[in-house]
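See below for the structure under consideration.
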Amino acid sequence: MFSGERRGAESEERTEEAQACESSHTFARAVGWISVAAGAIALGFYVGRQLRARYNFNRRTPYDFYSHAGDEQRHRSASGSAEYGVGI
């Protein structure tokens with residue numbers, strides 16, 4: 001009888017250890033999947049930014065080659081425009 005009770009106690013300890021190991025394994029898997037998802041999102045942002053930059057670069061106009069092409073005139077100079085050094 002004592003050996004049967006002892007085996008029962010050992011099996012209970014093993015199941016508690018197995019549950020603790022399983023819960024830590026589940027937590028590690030969750031952290032792993034979250035880090036994979038965060039990496040995929042970061043990669044998507046990077047690829048999207050590169051594609052957009054390439055798209056905008058390929059759609060340039062001849063006016064984009066001038067020094068102040070596309071500048072919004074937020075910071076006005078003393079003469080009132082961004083073309084003060086062009087000689088116009």
Side-chain angles (χ1 to χ4, degrees):
M1 286 212 146
F2 289 109
S3 62
E5 291 176 6
R6 190 173 192 188
R7 287 182 188 161
E10 287 178 3
S11 65
E12 287 178 14
E13 289 177 10
R14 288 181 187 163
T15 57
E16 290 174 7
E17 290 175 6
Q19 288 175 352
C21 182
E22 186 177 325
S23 66
S24 66
H25 178 71
T26 304
F27 178 73
R29 286 183 64 191
V31 169
W33 280 111
I34 289 170
S35 64
V36 166
I41 290 169
L43 181 65
F45 282 148
Y46 178 75
V47 169
R49 182 178 178 206
Q50 293 300 317
L51 289 174
R52 186 171 189 270
R54 185 175 293 181
Y55 174 79
N56 287 337
F57 183 78
N58 288 334
R59 293 184 53 92
R60 290 173 295 164
T61 64
Y63 294 105
D64 290 334
F65 295 110
Y66 296 112
S67 63
H68 292 288
D71 285 348
E72 295 180 18
Q73 296 182 7
R74 293 182 199 155
H75 305 289
R76 292 186 177 260
S77 63
S79 65
S81 72
E83 300 179 7
Y84 63 90
V86 180
I88 295 176

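Heavy atoms only: backbone and side chains are in, while hydrogens, waters and symmetry mates are out.
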side-chain contact (heavy atoms from CB on, under 4.5 Å) partners of V31, counting only residues at least two apart: F27

Side-chain hydrophobic cluster, 4.5 Å single linkage: members besides F45: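 So far as hydrophobic clustering goes, F45 is joined with I41.
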
side-chain hydrogen bond (donor to acceptor under 3.5 Å, both in side chains) partners of residues 36-60, not counting sequence neighbours, each pair once: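 Qualifying pairs, neighbours excluded: Y55-R59.
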
All pairs passing side-chain hydrogen bond (donor to acceptor under 3.5 Å, both in side chains) where residues 22-45 contributes a residue, at least two apart: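 Matches after skipping sequence neighbours: none remain.
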
